[in-house]
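The structure under discussion appears below in the form of structure tokens.
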Amino acid sequence: MSRTVIAGIDSSTQSTKVLRVDAETGEILSKTSAPHPDGTSVNPERWWEALASQGDLDDVAALSVSAQQHGMVALDASGTPVHDALLWNDTRSAPQAKALREALGAESWAREIGIVPVPSFTVTKLAWLAENHPELADRVDQVMLPHDWLTWRLAGRPETATTDRSDASGTGYYSVPEGRYRDDILRLAFGRSPRLPRVLAPAEAAGRTSSGALIAAGCGDNAGAALGLGLVPGEVVISIGTSGTVFAPSAARIQDPSGAVAGFADATGHNLPLLATINAARTLSASSRMLNVDLDELDALASAGAPDAGGLTLIPYLDGERTPDLPHATGTMTGLTRANLTPENMARASVLGLLCTLSDALERLRAQGVSAKRIVLIGGGSMSRSVRRAAAEIFDTEVVVPPSAEYVALGAARQAAWALSGATEPPTWTRSTEQTYEPTGASWAAEVRGRFTAARIATYGI
Ligand SMILES: Nc1ncnc2c1ncn2[C@@H]1O[C@H](COP(=O)(O)OP(=O)(O)O)[C@@H](O)[C@H]1O
Ligand SMILES: O=C(CO)[C@@H](O)[C@H](O)COP(=O)(O)O
């Protein structure tokens, strides 16, 4: 019997990945990828070129796009971007985020919207555009997110674009508890009411491609990963990609006035409380560049370093940071001595600093009542053996590492199979066997966490 082939697309910060998948079993049949330009703002056409460079999609019965969240794609009446898309890791809208927090109050944002403005979120970027380029803001006809814009292009630029609840929940002008856009919030930020994409139901189709393939609603990339992993209660995902994210599906909605935990929606009609960091896998690539080694050599150095890096502590807020909300922060290295200043300890300190930022985020998620009995570690940074081995100790929690795969794109494929099937639930695809790392309660891990916390408080006051 012939297979039904579907495609899952992950348009993330650094690249576009395309998986072809068996709709019935979830078996990955092929994977391709193409890079995006570096930077925190980009012309969306680069995403389209990265997708198109991987060939047409005429062979698939259905497809779905999962993409980096929050990017501001502001189009004029001709459908042309009035400005490069500001991405989730662009921090220029920090002043606007502060003003929006103060205008409504953090408690109200958390209660009424589900998230508290930080520079990552779309609403702050629109406020930046209105304040700094009013002549461009006046030309804005409609505002989309990265996954919306790619879906819109694949569907042939329909009059009304579409999105889904998971990605809408990251804009700041969509109310998760009410399930609707808040035009008053949009006008508070942007002073205008541009057209917004229609929010589709989880398994609702967005349209069809020129070759007739069904296009599913799509979703934010972390909701895609959750869908791709088929999580069970008590499992928390920690993804070490361009962003570091810590999240778990939740029946209960999380309200965190501190803004650290975003009360996002997931792609199945429930909730996805999430914390994100700006400095994740790029902490490792920056360290490899500094040491003039490649990532495998960095891994070997880090494995050869002292378990606690000899007391070296790196706080890797290299591009500012989102969790904690320190958009203008820079990194800090403490504990340097003539004895411990070695390439091995520097490499080790970059691994430990990365993991400590994620450990901080994990404890904040737990403080909101989210159960975290097992960590599912994914993302490019999880390919590092030294990261994997240290993670269970630093998190003091069991860590499982599924086989290397593009789980965001796999989740998009699962959503496409769901939309194609017309079923009430997504298809059941089994997660492959995993590697498991158990914490041993190593004393060095508690010392590393303690040093990191002390240095963070001493340097940044929080
Ligand atoms: N073996 C490895 N060790 C450390 N980092 C890695 C390794 N392989 C890939 N990476 C990093 O993972 C990142 C890409 O991961 P990915 O999850 O695809 O990110 P994103 O989805 O945000 O684009 C890159 O920054 C890359 O340097
Ligand atoms: O901002 C967030 C989540 O709130 C990030 O997770 C972005 O969605 C970018 O994702 P990656 O490119 O790292 O996959």
Side-chain angles (χ1 to χ4, degrees), residues 9-17 31 33-36 38 40 42 47 50 66-72 86-91 114-115 117-122 124-125 145-147 166-167 169-172 219-226 228 237-247 259-265 272-289 293-303 318-319 321-323 347 350-351 354-355 361 377-388 401 404-412:
I9 298 161
D10 172 12
S11 179
S12 64
T13 311
Q14 294 189 64
S15 62
T16 293
K17 299 95 155 178
K31 175 207 165 185
S33 67
H36 295 161
D38 196 1
T40 63
V42 68
W47 302 329
S66 185
Q68 59 181 309
Q69 296 177 247
H70 317 307
M72 178 193 76
L86 301 187
L87 307 184
W88 67 278
N89 54 356
D90 188 288
T91 58
I115 60 179
V118 291
S120 284
F121 298 155
T122 327
T124 72
K125 302 175 190 302
L145 298 164
H147 115 250
S166 76
D167 226 358
S169 70
T171 59
C219 56
D221 58 351
N222 295 293
V237 177
I238 293 186
S239 174
I240 305 178
T242 310
S243 67
T245 53
V246 180
F247 60 88
V261 182
F264 292 155
L272 196 75
L274 179 144
L275 299 99
T277 64
I278 289 178
N279 301 279
R282 281 173 162 167
T283 299
L284 303 176
S285 42
S287 299
S288 67
R289 186 185 63 219
V293 295
D294 66 25
L295 289 171
D296 287 338
E297 291 162 332
L298 181 82
D299 202 11
L301 285 172
S303 299
L318 308 176
D319 288 320
E321 191 41 88
R322 170 170 155 188
T323 303
S350 69
V351 167
L354 160 62
L355 290 172
L377 189 66
I378 62 171
S382 71
M383 298 300 100
S384 158
R385 288 176 298 279
S386 50
V387 165
R388 294 178 173 200
V401 183
S404 169
E406 296 299 341
Y407 288 98
V408 172
L410 189 60

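Residue indices begin at 1 and follow the sequence shown. One-based numbering, in listed order, for ligands and for the atoms of each. Owing to the predicted nature of the structure, the values given are computational and were not obtained by experimental measurement.
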Consider side-chain contact (heavy atoms from CB on, under 4.5 Å). Of Val237, Leu274, Val246, Val408, which one does Asn222 pass it with? Leu274
Can you tell me which portion of Thr13 lies within the under-4.0 Å heavy-atom range of ligand 2? Options are side chain, backbone, both, or neither. both
Taking non-hydrogen atoms only, is Asn89 closer than 4.0 angstrom to ligand 2 via side chain, backbone, both or neither? neither
Quick look: Leu284 vs ligand 1, heavy-atom contacts under 4.0 Å, and the answer is side chain
Ignoring hydrogens and angles, state whether a donor on the side chain of Lys17 or Ser15 is under 3.5 Å from an acceptor on the partner side chain.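 Their side chains do contain a donor-acceptor pair, which is all the 3.5 Å distance test asks for.
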Is it true that Ser11 and His147 share a donor-acceptor pair across their side chains at a distance under 3.5 Å?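 Side-chain D/A pair, His147 to Ser11: absent.
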Among [options], which one has a heavy atom closest to [atom]?
| atom | options | value |
| --- | --- | --- |
| atom 1 (N) of ligand 1 | Met383, His36, Arg282 | Met383 |
| atom 9 (C) of ligand 1 | Ala286, Ser386, Gly380 | Gly380 |
| atom 11 (P) of ligand 2 | Val408, Thr242, Ile115, Asp221 | Asp221 |

For [X] versus [Y], what's the shortest heavy-atom pair and its separation?
| X | Y | result |
| --- | --- | --- |
| Ala347 | Leu301 | CB-CB, 3.7 Å |
| Ala262 | Ile115 | CB-CG2, 3.8 Å |
| Gly228 | Leu410 | O-CD2, 3.7 Å |
| Leu87 | Lys125 | O-NZ, 2.7 Å |
| Ser386 | Ser384 | OG-OG, 3.1 Å |
| Ser350 | Leu298 | OG-CD2, 4.5 Å |

Need the ligand 2 atom indices (1-based, order shown) with element for anything under 4.0 Å from a heavy-atom of [X].
| X | result |
| --- | --- |
| Gln68 | 8 (O), 9 (C) |
| Thr245 | 6 (O) |
| Phe264 | 4 (O) |

What's the spacing between Tyr407 OH and Ser66 OG if we round to 0.5 Å?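 If we round to the nearest 0.5 Å, Tyr407:OH and Ser66:OG are 15.0 Å apart.
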Spacing of Glu321 atom CD and Thr91 atom OG1 [to the nearest 0.5 Å]: 10.5 Å
Within ligand 1, which atoms have a heavy atom of [X] less than 4.0 Å away?
| X | result |
| --- | --- |
| Lys17 | 18 (O), 20 (P), 21 (O), 23 (O) |
| Gly379 | 17 (O) |
| Gly381 | 5 (N), 12 (O) |
| Ala281 | 11 (C), 12 (O), 13 (C), 25 (O) |
| Gln14 | 23 (O), 24 (C), 25 (O) |

According to the interplanar angle, ranging from 0 to 90°, do the rings of Phe264 and Phe121 count as parallel (below 30°), tilted (30 to 60°) or perpendicular (above 60°)? perpendicular
Quick check on atom 26 (C) of ligand 1 - does any protein heavy atom sit closer than 4.0 Å to it? no
[X] to ligand 2: N or O pair under 3.5 Å?
| X | answer |
| --- | --- |
| Ser120 | no |
| Ser243 | yes |
| His70 | yes |

Taking C-beta and beyond as the side chain, do Thr16 and His36 meet within less than 4.5 Å on heavy atoms?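 In short, these two side chains touch, coming nearer than 4.5 Å.
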Got the closest protein heavy atom to [atom], with its distance?
| atom | result |
| --- | --- |
| atom 23 (O) of ligand 1 | Ser12 OG, 2.7 Å |
| atom 9 (C) of ligand 2 | Trp88 NE1, 3.3 Å |
| atom 3 (N) of ligand 1 | Ser384 CB, 3.8 Å |

Would you check, one step at a time, whether the test side chain to side chain contact (heavy atoms under 4.5 Å, CB included) holds for Asn89 with Arg282? CA-CA 12 Å; Asn89 54 356; Arg282 281 173 162 167; 3.7 Å; yes
Less than 4.0 Å is my threshold; does some heavy atom of Gln68 fall inside it relative to ligand 1?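 It does not; every heavy atom stays at 4.0 Å or beyond.
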Consider every N or O of Ser285 and every N or O of ligand 1, then say whether any pair is closer than 3.5 Å.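 It does not: no N or O of Ser285 is found under 3.5 Å from an N or O of ligand 1.
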Short N/O distance, under 3.5 Å, between Thr242 and ligand 1?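 The answer is yes, given that Thr242 and ligand 1 share an N or O pair closer than 3.5 Å.
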So, does Arg322 sit close enough to ligand 2 that a heavy atom of it is under 4.0 Å from the ligand? yes
Under the side chain to side chain contact (heavy atoms under 4.5 Å, CB included) criterion, do Leu284 and Val351 qualify, and how do the steps go? CA-CA 7 Å; Leu284 303 176; Val351 167; 4.0 Å; yes
